[in-house]
There are 2 protein chains.
Amino acid sequence: MRKPTIKDVAKLAKVSISTVSRVMNSPGSVIENKRNAVLAAIEQLEYKPNALARGLIYKKTNTLGVVIPDIRNPYYADILRGMEDASKRLGYNLIICNTDRDKKRLFSYLNSFYERQVDGILYTSDPVYPDYYNELMRLKIPVMLVSTHSMEYELPSVKIDDEQAAYDAVAYLIASGHRKIGMIGFDLTDSIAGLTRYHGFIRALREHDLDECKSNIVYVNDWSYDTPDAAAQLMAKCPDVTAIFTASDELAMGLLCYLNERGISVPEQISVIGFDNIRLSHIMIPKLTTVAQPSYRIGSRAVEKLNTIIEQGEDTVLREYLPHEIIVRASTRSWRG
Amino acid sequence: MRKPTIKDVAKLAKVSISTVSRVMNSPGSVIENKRNAVLAAIEQLEYKPNALARGLIYKKTNTLGVVIPDIRNPYYADILRGMEDASKRLGYNLIICNTDRDKKRLFSYLNSFYERQVDGILYTSDPVYPDYYNELMRLKIPVMLVSTHSMEYELPSVKIDDEQAAYDAVAYLIASGHRKIGMIGFDLTDSIAGLTRYHGFIRALREHDLDECKSNIVYVNDWSYDTPDAAAQLMAKCPDVTAIFTASDELAMGLLCYLNERGISVPEQISVIGFDNIRLSHIMIPKLTTVAQPSYRIGSRAVEKLNTIIEQGEDTVLREYLPHEIIVRASTRSWRG
DNA sequence: GTGAAAGCGCTAACAG
DNA sequence: CTGTTAGCGCTTTCAC
């Protein structure tokens with residue numbers, strides 16, 4: 001029942017283990033009849049090289065570690081899928097870990113990545129706080145920030161321009177004639193999905209002389225499952241809004257649900273624009289207008305970049321921004337002031 | 001920049017590498033002052049043992065491989081989350097692979113699992129076809145079937161009783177007074193989520209003398225993203241149904257979307273009951289009645305079972321069934337015949 | 001108690 | 001071209 005090793009193959013093929021090793025790594029350097037004997041033995045024993053032993057020597061495991069807040073969040077699931085496909089293409093396997101944005105959990109996983117000698121780390125969780133950065137540096141393992149970035153530190157990243165994307169969403173609403181606009185955003189302590197999108201919202205308002213809307217905003221912690229509750233808070237705060245921008249499609253779905261229950265029709269009475277373009281957004285009621293992130297591409301691009309860093313030591317572009325796009329569907333309409 | 005090894009620690013602590021090894025594995029057997037010296041050296045160098053080297057010796061990698069159709073499917077995402085939490089608790093890491101239900105892709109990943117010496121495999125994809133079974137057996141690695149099972153082969157599994165769950169869903173509709181019932185199901189070639197739920201549907205009809213509804217069914221291949229399309233097909237086939245059972249919540253969401261566009265109100269004109277109880281089902285419009293699978297628990301239980309098989313060689317219960325439950329929300333109502 | 005040495009499975013000089 | 005040998009980093013006898 002023991003798995004066959006290179007020795008077993010060598011014995012069966014009546015050659016030395018180095019010859020077996022050669023037929024696997026540089027077949028041309030082995031004379032044909034011996035090579036065939038080895039190949040036959042490999043076939044017969046169903047031999048497959050032990051990746052641990054190889055990894056020990058090559059100091060390369062072809063494994064990437066990924067830390068992600070929660071795989072159940074469809075936005076991250078899309079990114080992960082992009083990572084996975086690119087990884088398969090480039091010969092890596094992914095060790096995926098959910099951090100729940102918890103520091104202990106994150107550090108514990110990073111430690112495990114180190115021990116397992118992963119070739120690189122895909123960091124898709126939270127901004128990079130100073131102590132996180134230190135921990136990451138201690139590991140001496142290439143890191144790629146995904147859907148997050150850092151201006152303080154020289155860490156490579158792939159993401160969209162969140163500030164601009166939020167700006168575009170709100171500007172779209174304004175261009176459609178809306179003058180009373182609200183927002184459901186993520187906590188401002190989240191400097192990536194929270195603060196930046198808030199900034200985009202504010203900038204759009206200011207540039208269009210709508211400063212009075214500045215306080216029409218409600219925040220949720222991370223990926224709240226009580227999204228209708230956030231909607232309720234916002235509507236209590238500013239009942240007269242005609243359009244709402246949400247920082248995620250989940251939030252938008254909760255909002256849609258809340259408005260529907262209150263008998264407020266979308267988009268007739270209130271327009272809603274989401275963020276992310278998750279796969280379900282086109283079967284929401286009504287179909288959701290949203291700013292699309294190239295989530296899958298963010299994931300795959302991140303792996304590609306990480307791979308070039310692993311192989312070449314560095315990459316040309318440090319902070320890479322992928323284009324976002326507004327997908328107009330049925331949840332928004334123009335407002336006849 | 002090289003990672004410190006046990007040798008570095010030994011040198012710094014002025015002891016042999018065996019002593020270092022001992023303080024890590026049986027600290028009691030090392031005299032105190034030496035132990036402290038070693039501990040100090042470990043601290044100073046930030047030394048962490050190389051899991052590859054250890055794995056080579058112990059023949060245990062504390063890694064589990066999981067094959068799953070598509071991580072973007074929220075049902076599987078929930079299962080994965082359960083797996084992940086249990087894995088963390090039990091000291092494993094997960095290598096997650098999306099198969100897209102593609103045989104080549106699956107086999108390629110299984111092969112990679114073998115080479116990487118994973119301690120066990122979580123198989124959450126497709127029924128176990130004969131050639132899949134053979135491949136699995138060749139690996140000589142413990143396998144756990146998750147949300148799928150096999151009656152032909154002696155493979156351990158964790159899932160719900162799909163036939164009964166579907167039966168219960170349909171029986172619930174019937175008990176609510178519905179007599180014209182339709183179903184959107186998965187392809188019957190899918191012996192797990194397709195065939196069994198179809199059987200449950202049929203049995204419920206037969207036991208309640210509703211055989212005339214037997215053909216009110218439409219099938220989709222796997223997790224179709226054109227769920228509204230399937231809904232359209234069903235409504236064309238049997239426009240007079242008053243209740244529809246869908247084999248997944250995604251399908252239900254697509255149906256809800258389609259019905260809404262056609263101006264057919266749910267549940268007033270048509271009741272809808274889904275399957276899975278994904279996290280979003282409680283913010284659908286209307287909130288979805290569904291048969292809940294304990295998805296998270298299925299994932300965590302699977303890891304627990306696999307762990308006992310890995311550690312003890314076998315488990316008490318081979319095929320384990322977890323309870324399902326009907327969650328009544330707003331998408332169904334009783335029918336006054 | 002502790003160091004020397006063998007070995008996990010494999011690759012990579014190094015001779016021949 | 002191919003076998004022998006020396007490791008990769010760590011654990012584990014086996015003597016001392």
Give one of base, sugar-phosphate or nothing for [X], where a contact means two heavy atoms less than 4.0 Å apart.
{"X": "A:Ser18", "value": "base"}
{"X": "B:Ile17", "value": "base"}
{"X": "B:Thr5", "value": "sugar-phosphate"}

(message) Can you tell me which nucleotide in D:dT4, D:dG9, C:dT11 comes closest to the side chain of A:Ser16?
(response) D:dT4
(request) Report the nucleotide, chosen from C:dT11, D:dC10, D:dG3, that has the shortest atom-to-atom distance to any side-chain atom of A:Thr19. (result)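 Ranking C:dT11, D:dC10, D:dG3 by closest atom to the A:Thr19 side chain puts D:dG3 first.
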Does a side chain donor of either [X] or [Y] reach within less than 3.5 Å of an acceptor in the other side chain?
{"X": "A:Lys88", "Y": "B:Ser108", "answer": "yes"}
{"X": "B:Asn62", "Y": "B:Lys60", "answer": "yes"}
{"X": "A:Arg116", "Y": "B:Thr63", "answer": "yes"}

Measure [atom1]/[X] against [atom2]/[N] and give the value in whole Å, please.
{"X": "B:Lys59", "N": "D:dT12", "atom1": "NZ", "atom2": "P", "answer": "12 Å"}
{"X": "B:Arg116", "N": "C:dC10", "atom1": "CZ", "atom2": "C1'", "answer": "16 Å"}
{"X": "B:Asp8", "N": "D:dC10", "atom1": "CG", "atom2": "P", "answer": "9 Å"}
{"X": "B:Ile57", "N": "D:dT13", "atom1": "CD1", "atom2": "P", "answer": "11 Å"}
{"X": "A:Leu56", "N": "C:dT11", "atom1": "CG", "atom2": "P", "answer": "12 Å"}
{"X": "B:Lys3", "N": "D:dG9", "atom1": "NZ", "atom2": "P", "answer": "11 Å"}
{"X": "B:Arg54", "N": "D:dT12", "atom1": "CZ", "atom2": "P", "answer": "9 Å"}
{"X": "B:Ile6", "N": "D:dT12", "atom1": "CD1", "atom2": "C1'", "answer": "12 Å"}

(message) Counting C-beta onward and ignoring hydrogens, is there a side-chain heavy-atom pair between A:Tyr296 and B:Arg72 closer than 4.5 Å?
(response) yes
(request) Identify, between A:Val20 and B:Lys14, the residue whose nearest nucleotide on DNA chain C lies closer to the 5' end. (result)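 Result of the comparison: B:Lys14.
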(request) Not counting sequence neighbours, which residues clear ring pair (Phe, Tyr, Trp, His ring centres under 6.0 Å) with A:Tyr129? List them please. (result) A:Tyr132
(message) Between B:Lys305 and B:Glu311 (salt bridge meaning N to carboxylate O under 4.0 Å), is one present in this structure?
(response)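 No salt bridge links B:Lys305 with B:Glu311.
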(message) Below the 4.0 Å mark, does D:dG9 have OP1 or OP2 next to a side-chain nitrogen or oxygen of A:Tyr58?
(response)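 A:Tyr58 to D:dG9 OP1/OP2: no side-chain N or O under 4.0 Å.
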(request) State whether A:Tyr114 and A:Lys140 meet the cation-pi test: NZ (Lys) or CZ (Arg) under 6.0 Å from the six-membered ring centroid, and within 45° of the perpendicular axis. (result) no
(message) Within residues 21-42 of chain B, which residues have any heavy atom lying less than 4.0 Å from an atom of DNA chain C?
(response) B:Arg22, B:Ser29, B:Val30, B:Ile31, B:Lys34
